[in-house]
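Encoded as structure tokens, the structure appears first; notes follow it.
Note on naming: letters A, B, ... go to the chains in the order of the sequence lines (proteins, then strands), and numbering restarts at 1 for each one. Just the heavy atoms: all of them, side chains too, but no hydrogens, waters or symmetry mates, feed the values below.
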Amino acid sequence: MQDRYQPATVETAAQQHWENTQAFRVAEDAGRPKYYCLSMFPYPSGKLHMGHVRNYTIGDVLARFHRMKGCNVLQPMGWDAFGMPAENAAIQNNVPPAKWTYANIEYMKGQLKRLGFAIDWSREVATCTPEYYRWEQWLFTRLYEKGLIYKKLGTVNWDPVDETVLANEQVIDGRGWRSGALVEKREIPMYYMKITAYADELLAALDDLPGWPEQVKLMQKNWIGRSEGVEVHFPYDLSTIGASGVLKVFTTRADTLMGATYVAVAAEHPLATRAAAGNAELAAFIDECKHGGVAEADLATMEKKGMPTGLRVVHPLTGEYLPVWVANYVLMGYGEGAVMAVPAHDERDFAFAAKYGLPIRMVVRSTHDAYDNVAAPWTDAYAEHGKLVNSGKYDGLHFQDAVDAIATDLAAKNLGAKRTQYRLRDWGISRQRYWGCPIPMIHCEDCGDVPVPDEQLPVVLPENVEITGRGSPLAKMPGFYRCTCPKCGKPARRETDTMDTFVESSWYFLRYACADNATAMVDARVNYWAPVDQYIGGIEHAILHLLYSRFFTRAMRDEGLVNVSEPFTNLLTQGMVVAETYYRDQTGGKKLWINPAEVQVERDDKGRVVAAKLAADGQPVVIGGTEKMSKSKNNGVDPQALVDQYGADTARLFIIFAAPPDQQLEWSDSGVEGAARFLRRVWQFGHAFASDIRPVLPAARRLTAGKLPALLADVRREIHTHLKQANYDFGKHQFNTVVSAAMKILNALEKAPREDGTEMRAAHAEVAEEGFAILLRLLSPITPHICHVLWQDCGFGTDILAAAWPEPLEAALAQDEIELVVQVNGKLRGSIKVAADAGKAAIETAALASEAAQKFMEGKPPKKVVVVPGRLVNIVV
RNA sequence: GCCGGGAUGGCGGAAUCGGUAGACGCAGCGGACUCAAAAUCCGCCGCCGCAAGGUGUGUGGGUUCGAGUCCCACUCCCGGCACCA
């Protein structure tokens, strides 16, 4: 055994052992509980970043922990390989997306292996391979024929210069990121998955997910946004509109219907189009509304604008004429593309009415905050439920009674009814991009939209393609889109849109169960492994990816492909990795961001950072604050450099120790130093154990007989106490304090008295043997390499993976005397020692008699004495 | 704008059911070893104060014998908002 810790040697040896024994390759085994541990698969962007290392380290800790607990653990890995960055790289560097992607996969796989993750690589999938996406296309055709996928118009960001559709992130301040052109909204036909058909189930099932964080479930609940309301029909005024019909709106506040003073429609609404036909000013306004992107955050924060159409509709209860306005904040894609406006009781309508001088009619009086009229400024009380006023026959009714009565009257007139609405919208999956899964549809002039038949799947994405950033590449490739109609055999055109990459990530976790099956999407093995027992990934996926996956699993269930409904039993959402930023101001207001690795910080005598300078030139740089590691702020720390310098175990240990998994992790170079220092101490102790301590172990162990010198019994109790804490912390996934406990155990082992005399030395050796074996097993999920080698070198066994997880012993934890804190009037004043089984009366007496109590009671009699067993005594005077 | 989360020493964080605030580590300071440095080891370390003691968990209130933890009002920071993944 080497006397110095050499991570590279240790880690090569351990990884070689795992490779030789195929340690992490698993098969179905009915004899053991299965544990499917999954980390979100990475997008192969080039090289691993620190967020990946964190994600996969957390997953690996859980996988290895459960393996030692006796589970049959599956931990697979793959690549979320379709997406925009590959196309951007193609434009920038003239590399084909496929070549770029596969090269990245190759490199990043090597990095993952170097980190020692317990992955079953035989199940690896890459979503950009036809072997993977053909099943996605197959399922698409199934769901299309079932009606779960349909076609309708959707709104996209259109760049008129590049003649291409832009992602929301490609729209910056309303302009295309490459062309700089003003972006327009454009309606194009797209395929949609009917996720709303599962809205109720997706909502209700959240209650059966105790293993998910409450905050994630709450976000999903709000996202689905089930609301009970009333659909109200406003008949067209024939004289202004010139046609008969009804304007439909949905409202959750039907009780305020008598206060509606106008209606507003989206710029794309048919009534708006009709009114604009003879009104140039209105047409110009509608045109203006079509400028800008489609992102909700932009729409919600922009200035609310509107214009009257001159059209009128009829109030369904009063018969009054209400003006129809076009408003930029009403969305065509949400609900009916029209809203009824009640300025007195809705903040947005209130502001709009004030701006354009529209009437405000108060119809509700709040029962909490009294007000007699709804004068400006707006007050939240105006929007509260209350008792109806100025509402004719409905006066005096409270919210629910008013809604019921109004809904009944509307239904009687055939002008509305109660309805449940969801905020959730159907999932538009068409993308006008190249690097994605081709949508398996054929458009025939005679037969319409025809799904590609099974025997013609997969529709393979051609790889010899030119990417320019203008238009849709596939739509420029006749070799791809020219085809014959599967129904009638006539020439037809193949769909050139590809699927949203969220589709691939909505079922990859099921494919891992049977990644080698070339004849089916999934097989019976999926019902052994599914659902995923533990899913780990970034909080940023709390809504979209997780909701789509829950939907997809149900869609596959209803196709008879899988038995389960919920894909992920337990969810752990990890926090971001952040680091300090540094910069220098450049001319033109730009900033030159400087990597932390190139910066030296200066501290005052208390260790506070007071200044920073660039190491290269010694000149000052500005400290820019802590932000998420990113290319744009140049504050990323390369995990590869870290592993090269310190080894995988140090990288893993630092990442686990620096913060609990669900909180953000702040990068710290000196923290890494500390992690490396700890591992050197572990190695040193292992070396001392193997060479000096182990040889003096007695033939007959005394620990089991419970006979130990008091000082060593204290050490042993401390170790078992820390072990108990560590096991508790493992249970709640607070791994940073597991590391703390391991550090405390090492501290205790190092300080354990090793006095002269054969008896004492033998007893010490026994405590050290038991304690170090606990320490190595406790640390092995986190730093598996060093623990593997030390376990062997210290003679504990051949493979720590096969060792049982350590549990604390009651006999080692027992103690006769305990210390209690003494408080006077809630302030800490001293402590007393009492027998562990002392009664309340005895504790009270001892506390009152204590020196600290006597001093601070100042002779006053105790008014009350509170005894908290095992904790403290509070004397109130 | 809407939905969700967070804030504790110089720093990362700990405190399990309302019961010793600051465990563990980092940085800093003092010392040992060394020709010297690194590494290592020992000690100190919230703030004010010579001390006794006081004070302290983003801000302002409240409940309680006792509040980082519960309640109310606010401030700032972060994640998501449907075409980034």
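- Closest approach to the A/Gln734 side chain among B/A15, B/A27, B/G1 is made by B/A15 (side chain taken as heavy atoms from C-beta onward).
- With A/Asn874 contributing its side chain and A/Val866 its backbone, the two residues share no donor-acceptor pair below 3.5 Å.
- Toward the 5' end of RNA chain B, the nearer of the two residues A/Pro660 and A/Asp80, judged by each one's closest nucleotide, is A/Pro660.
- Heavy atoms of A/Ala658 sit under 4.0 angstrom from primed sugar atoms or phosphate atoms, though from no base atom.
- Distance noted for atom C1' between B/G30 and B/C35: 22 Å (whole Å).
- Comparing B/C83, B/G25, B/A82 against the side chain of A/Leu424 picks out B/A82 as the nearest.
- Contact check for A/Lys217 versus A/Leu209: side-chain heavy atoms found under the 4.5 Å cut-off.
- Closest to the side chain of A/Val156, out of B/G79, B/C83, B/G1, is B/C83.
- When the P atom is compared between B/C41 and B/G25, the two are found 11 Å apart, to the nearest whole Å.
- Summarising the geometry, the separation between CG on A/Asp662 and P on B/C78 is reported as 19 Å, rounded to the nearest angstrom.
- The residue A/Thr301 sits close to a base: some heavy atom pair falls under 4.0 Å.
- Between A/Ile224 and A/Leu547 there is a side-chain heavy-atom pair separated by less than 4.5 Å.
- Spacing between B/U63 and B/A14 at atom P, rounded to whole Å, works out to 31 Å.
- Residue A/Gln432 is classed as a base contact, given a heavy-atom separation below 4.0 Å to a base.
- Taking the side chain as every heavy atom from C-beta outward, A/Trp435 and A/Thr101 approach each other to under 4.5 Å.
- The P atoms of B/C24 and B/A15 are separated by 14 Å, rounded to the nearest whole Å.
- When heavy atoms are screened at a 4.0 angstrom cut-off, A/His541 is found touching base atoms of the nucleic acid.
- For B/C11 and B/U16, the P atoms lie 23 Å apart once the distance is rounded to whole Å.
- Note on A/Arg680: only backbone sugar-phosphate atoms sit closer than 4.0 angstrom, heavy atoms only; bases stay farther off.
- Looking at the side chain of A/Thr737, the nearest of the listed nucleotides B/C84, B/A23, B/G12 is B/A23.
- Between the side chain of A/Gln170 and the base of B/C83, no donor-acceptor pair of N or O atoms lies under 3.5 Å.
- Note on A/Gly575: nothing from the nucleic acid sits closer than 4.0 angstrom, heavy atoms only.
- Counting heavy atoms of neighbouring residues, nucleotides and ligands inside a 6.0 Å radius, atom CZ of A/Arg423 exceeds 12 of them.
- Here, B/C33 and B/G43 have their C1' atoms 15 Å apart, quoted to the whole Å.
- In this structure, A/Phe82 reaches neither bases nor backbone, as no heavy-atom distance under 4.0 Å exists between it and the strands shown.
- For A/Ile818 and B/G19, the CD1 to P distance is 16 Å, given to the nearest whole Å.
- By the rule that a glycosidic angle within 90° of 0 means syn, B/C17 counts as syn.
- A/Asn747 comes within contact range of the sugar-phosphate backbone alone, with a heavy-atom separation under 4.0 Å but no base atom that close.
- Nucleic acid contact class of A/Trp223 (heavy atoms, under 4.0 Å, all strands): base.
- The side-chain heavy atoms of A/Pro7 and A/Thr650, taken from C-beta on, include no pair separated by under 4.5 Å.
- Shown here, B/G4 is classed anti by the O4'-C1'-N9-C4 or O4'-C1'-N1-C2 angle, which is more than 90° from 0.
- Residue A/Ser670 places its side chain closer to B/C26 than to any other of B/G80, B/C26, B/A23.
- Listed nucleotides B/A23, B/U20, B/C78 differ in distance to A/Val821; the shortest reach to its side chain belongs to B/U20.
- Among the nucleotides B/C24, B/C83, B/G80, the one closest to the side chain of A/Ala167 is B/C83.
- Within 4.0 Å of A/Gln215, counting heavy atoms only, lie sugar-phosphate atoms of the nucleic acid but no base atom.
- Note that the CD atom of A/Gln432 and the CG atom of A/Asp497 stand 4.5 Å from one another [nearest 0.5 Å].
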Q: Give the intermediate values and the outcome of side-chain hydrogen bond (donor to acceptor under 3.5 Å, both in side chains) for residues A/Asp729 and A/Gln725.
A: CA-CA 6 Å; A/Asp729 291 344; A/Gln725 182 67 49; 3.1 Å; yes
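- For the P atom pair drawn from B/G18 and B/U55, the interatomic distance equals 25 Å after rounding to whole Å.
- Comparing B/G12, B/C26, B/C81 by their nearest atom to the side chain of A/Glu666 picks out B/G12.
- Within 4.0 Å (heavy atoms only), A/Phe657 reaches at least one base atom of the nucleic acid.
- Although no hydrogens or angles enter the test, the distance criterion places no donor-acceptor pair under 3.5 Å between the side chain of A/Arg178 and the main chain of A/Arg470.
- Side-chain proximity of A/Arg829 to the nucleotides B/G54, B/G12, B/U40 is greatest for B/G54.
- The CZ atom of A/Arg425 sits 12.0 Å away from the CD1 atom of A/Ile195 when rounded to the nearest 0.5 Å.
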Q.
In dot-bracket form, 5' to 3', how is RNA chain B paired? Count Watson-Crick and G-U wobble pairs only if both distances fall under 3.5 Å, and write | where the partner sits on another strand.
A. (((((((..(((......[....))).(((((.......))))).(((....)))..(((((..]....))))))))))))....
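- Taking atom CG of A/Asp497 as the reference point, atom C1' of B/C83 lies 12 Å away to the nearest angstrom.
- Residue A/Lys152 places its NZ atom among more than 12 non-hydrogen atoms of other residues, nucleotides or ligands, all under 6.0 Å distant.
- Checked against B/A82, B/A23, B/C41, the side chain of A/Lys744 finds its nearest nucleotide in B/A23.
- A/Val577 pairs with exactly one of A/His49, A/Gln664, A/Met629 by the side chain to side chain contact (heavy atoms under 4.5 Å, CB included) rule, that one being A/Met629.
- A/Phe502 comes within contact range of at least one nucleobase, with a heavy-atom separation under 4.0 Å.
- Within the 4.5 Å cutoff, side-chain heavy atoms of A/Leu424 are placed close to those of A/Trp223.
- With rounding to whole Å, A/Leu665 atom CG is found 18 Å from B/C78 atom P.
- Annotation: proximity of residues 863-877 of chain A to RNA chain B (heavy atom, distance under 4.0 Å) is found for A/Lys864, A/Val866, A/Val868, A/Arg871, A/Leu872, A/Asn874, A/Val876, numbered in ascending order.
- Distance OH (A/Tyr548) to P (B/G80): 15 Å, rounded to an integer number of Å.
- Rounded to whole Å, the C1' atom of B/G22 lies 25 Å from the corresponding atom of B/U75.
- No engagement by A/Met302 is indicated, since no non-hydrogen atom pair under 4.0 Å with the nucleic acid exists.
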Q: Report the C-alpha separation of A/Glu718 and A/Lys751 in whole Å, then their side-chain angles, then the decisive distance to 0.1 Å, and conclude whether the salt bridge (Lys or Arg N to Asp or Glu O under 4.0 Å) test is met.
A: CA-CA 12 Å; A/Glu718 200 188 335; A/Lys751 291 199 170 89; over 6 Å; no
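- Within the 4.0 angstrom heavy-atom criterion, only backbone atoms of the sugar-phosphate kind lie near A/Gln663; the bases stay farther away.
- Taking atom NE2 of residue A/His722 and atom P of nucleotide B/U16, one finds them 17 Å apart after rounding to whole Å.
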